[in-house]
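Each chain gets a letter, A, B and so on, in the order the sequences are listed, and its residues count up from 1.
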Amino acid sequence: MSDTATETHQNAARYDHQATEQKWRAAWDEHKLFETDNDAPGEKYYVLEMFPYPSGRIHMGHVRNYAMGDVVARYRRAQGYNVLHPMGWDAFGMPAENAAMKNKVHPAEWTYQNIDTMRSQLKSMGLAIDWSREFATCDVEYYAQQQALFLDFLDKDLVTRKSAKVNWDPVDMTVLANEQVIDGKGWRSGAEVEQRELTQWFFKITDYAEDLLQSLDGLDRWPEKVRTMQANWIGKSRGLQMRFELTEPAKGFDGFDIYTTRPDTLAGASFMAIAPEHPLAKALAEDDAALAEFAVEVRKSGTSAEEMEKAEKLGYDTGLSVKHPVKPGETLPVYVANFILMDYGTGAIFGCPAHDQRDHDFARKYDRPIIATFVPTDHEGDADTFVVDEPYVPPKTETVNWINQPAGVATATGQEAIDATIDWAEQNKLGEGQVQYRLRDWGISRQRYWGCPIPVVHCDTCGVVPEKKENLPIVLPDDVDFETPGNPLDRHPTWRDCNCPKCGGAAKRETDTMDTFVDSSWYFARFTDPKAAEPTTKAANDWLAVDQYIGGIEHAILHLLYSRFFARAMGEAGHLDVKEPFAGLFTQGMVVHETYCDGDGNWIEPAQVKIAGEGNSRAAHHAQSGAPIEIGSIEKMSKSKKNVVDPDDIIERFGADTARWFMLSDSPPERDVIWTEAGAEGAHRFVQRVWRIVSEFAANSADDASLEGQTIEPSKAVLDLRRATHKAIAGVTDDIEKLGFNRAVAKIYELVNTLSSALKADAMAKDAGLKVEGRASLVSLLGLIAPFMPHLAEECWALLNEPQMVAQTRWPVYDPDLLKEDEITLPVQINGKKRADLTVAADADKATIEAATLTLDAVQRALDGGQPKKLIVVPGRIVNVVV
RNA sequence: GCCCCUGUGGCGGAAUCGGUAGACGCGACGGAUUCAAAAUCCGUUUUCUUCGGAAGUGCCCGUUCAAGUCGGGCCAGGGGCACCA
């Protein structure tokens, strides 16, 4: 009997997260607290986390991502902003088709089932999300609008259809993205990927290259790293395009253009090289079987990074030669070379072995002369021979001594010299300055079923014809089969058949669908009015840009660059007035975990591992068998390494608040966080601790309604508590503003520690003021905690009988006057090392502090009767005595 | 090869403007409570120390009254881009 009673008592004294969390989620839902009205008062704030791909279940990375966004959303709400915080699904893509092929389940069914699962998982996190705006990109209502956008882009000449080289998987019979080609093989089929020339649809992102680059400067709330990566990706370079004349015309060519960023090395040219795909090379190959074979051979060898690195520089001497543009009478041989890319510049170069590593390698192999055009300023001796062993490639800023330069070429320093050479070339009609970008147009055609159909029609009479807007949406057919590899739309008996929108005759639909990156390039705009009959409405201009966007660094280039392009294109098509979609961007780190491996090299799940010891002496063994287990490196959670922790398990065992709290503690949000069982338990202990402090306080102060309205002279304990509380409010507010969640967490811990020792039952019994102040302090604490652990905050709020819910109340405010101390302790340094403390009034002037400093024992000892050489007093900070 | 980031206790990290290095958490150790345990509470926890102190933020040098923080040169780890002419 007594055992049962004790047990019941203990259970009652613990916070029951399962029942409590559900209760408060229901309460928020009932009040429709997080549904956002586009026309609600208050300054707008749009917080968005990158929407998930519905792969099956959420993982810890999602928990971290959405916990961060939720802190921001709840914090801004509490500050009185009209907050938009929506959620949706990036739902098209290959995994659904792979599942269809493997498990004979329709991609739509598989996708929507996953969405249902993941939605309920996300809801169990207690996120302050407006679920009424939810959509999936595979919803007809969404992709219908995307098709409308496509037609508008087409109308504005932002889309083009052209032939391009793509990765073709001959087994799966589809184009693969570069990321899906691993070591030259298809990631799914394992087949050798071929380069195929196919006619594809492209978005003309290169039209915006300069704008996309320039505007990066204005994105001051983006990580520097992401801006740099985008700038590098766009890859702007300024150089010289110039024509080289053939000594004798060949196959109708009398010369060809080259592009160089180092025209200052022109005098050092010793050969010419063109890409195997260059029109001249192709023309020559018609009559030259050996050259044709050479071209095929070089392109057969892999395109992977490693292979490239090892690949030898290979050239084929065409027998042709060109006139040297700055050395009259001299000629240069023309090679077809494997290291020249048709994609960049003009697909042709002049080789300058003295100042370029690749050209140097080539020249040594094919025995071409090495002619320097400049040498280091400190070089002594024979200028012409110093680059024999390796090329000299100085930074553009380095001063050099010029040699072998033709008359009339400016020989200034670095970039100036390059610009001057371009001017010189232009004046002498040798060529002209050119800006080149590395950025390529965005190929969006995919030979896939599970994507947004491209709304165009192929008519024998009229050619490629855009579908009429009134015929949209072009809906994906349901009855498709995945038994045969390739695109089911191609094989569908009737779907392709249609009438030409122009002539009305029989025609065929485009069977390519759009890259899924198109879907995610404008979803943030759609959230502002998700049910509108047009892609966007006025609401998009009202809400955008997204004030705070949060997601993984892996999207630094693709998704974020495409979205920036889309905002511009949508502007051109009259759908949006905001050029930059994301005003603030934050890229969070991954969730990582130790890996465990048994003696046979099998990965072991964390749940089956027991660990003993600490530091270097940590040892692991199998929980059941006791077999020794090797503790491996800490890596990103992945199914293949079995180092995953399922959010569902954690939420069930510890509650959503614990999971959220742990994800935001300890590690700075931009860095990786290591998941540990101990850390999760620690977070859970804190949840219990807060609840216990509040319940005990509530129990102790229940009978003190009489204190209301009474004026009590505050004791020192009361004042200290008040000051600590206001300091915490100031600190946490500042930290959340800067997304320093880990620092905010630490400050909340400090306040809880202070409260825990201040609000002891006996102290409160002696000091009635503590009860009044304690309540005020706890109310502030709950306000601070609410964005992080919303369920716990509501439960404690109710325990204190506070009106309404925390989620309906304002962010706590602090009184700056209370942050000031009456007395402060200054560190006293002697020769820069701290040797003593000095307690003075906070407003003490320099003279007072100086006098007090000289009386300190440590200072007297150091002075040994003498005078300090120097006495530095920084009021409010430090004192330094120099002896 | 080019570009970028990061190095602080046993561990994650804090130090926001050049001004007390190690906040806060985890782990560990000691104690209280308990028949016992869990839970909880109270301590200790950078290193060395002759208990007075001394040293200390990857390494070396510099600027400064004062450097984790600024400058120069290294070392180590991580990331991005890459035959881009």
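- A donor-acceptor pair is defined here as one N or O able to donate and one able to accept, closer than 3.5 Å; no such pair exists between the side chain of A/Arg262 and the backbone of A/His355.
- Closest to the A/Arg438 side chain, of the nucleotides B/rC83, B/rA82, B/rC42, is B/rA82.
- Residue contacts for A/Asp734: at a heavy-atom cut-off of 4.0 Å it reaches a base atom on one of the strands shown.
- In terms of position along RNA chain B, the nucleotide closest to A/Ser667 lies nearer the 5' end than the nucleotide closest to the other residue of the pair A/Ser667 and A/Arg743.
- The residue among A/Gly731 and A/Val874 whose nearest nucleotide of RNA chain B is located toward the 5' end is A/Gly731.
- Counting any heavy atom pair closer than 4.0 Å across all strands shown, A/Leu871 reaches no nucleic acid atom.
- Of the candidate nucleotides B/rU16, B/rA85, B/rG13, B/rU16 has the atom lying nearest to any side-chain atom of A/Lys738.
- A glycosidic torsion no more than 90° from 0 defines the syn conformation; B/rG78 lies beyond that range and is anti.
- Within the 6.0 Å centre-distance limit, the rings of A/Tyr335 and A/Tyr366 are counted as a close aromatic pair.
- Out of B/rU20, B/rG7, B/rC3, the shortest distance to the side chain of A/Gln829 is found at B/rU20.
- Classification of B/rC5 as anti follows from a glycosidic angle more than 90° from 0.
- Side chain of A/Trp233, nearest nucleotide from B/rA85, B/rG80, B/rC81: B/rC81.
- Summarising the geometry of A/His684 relative to A/Phe654, their closest heavy-atom pair is ND1-O, 3.2 Å, with the distance given to 0.1 Å.
- For A/Asn643 (side chain) and A/Thr595 (main-chain N/O), no donor-acceptor pair under 3.5 Å exists by modelled atom type.
- When the P atom of B/rA85 is taken as reference, atom NE2 of A/His278 falls 17 Å away, rounded to whole Å.
- If you take atom C1' in B/rC5 and the same atom in B/rU50, they sit 46 Å apart, rounded to whole Å.
- When heavy atoms are screened at a 4.0 angstrom cut-off, A/Asn880 is found touching base atoms of the nucleic acid.
- Between A/Lys870 and B/rC65 there is a side-chain N or O to OP1 or OP2 distance below 4.0 Å.
- Separating the C1' atom of B/rU20 from that of B/rU46 is a span of 16 Å, rounded to the nearest Å.
- Ion pair A/Arg368/A/Asp359 not flagged as a salt bridge, since none of the NZ, NE, NH1 or NH2 atoms sits closer than 4.0 Å to an Asp/Glu carboxylate oxygen.
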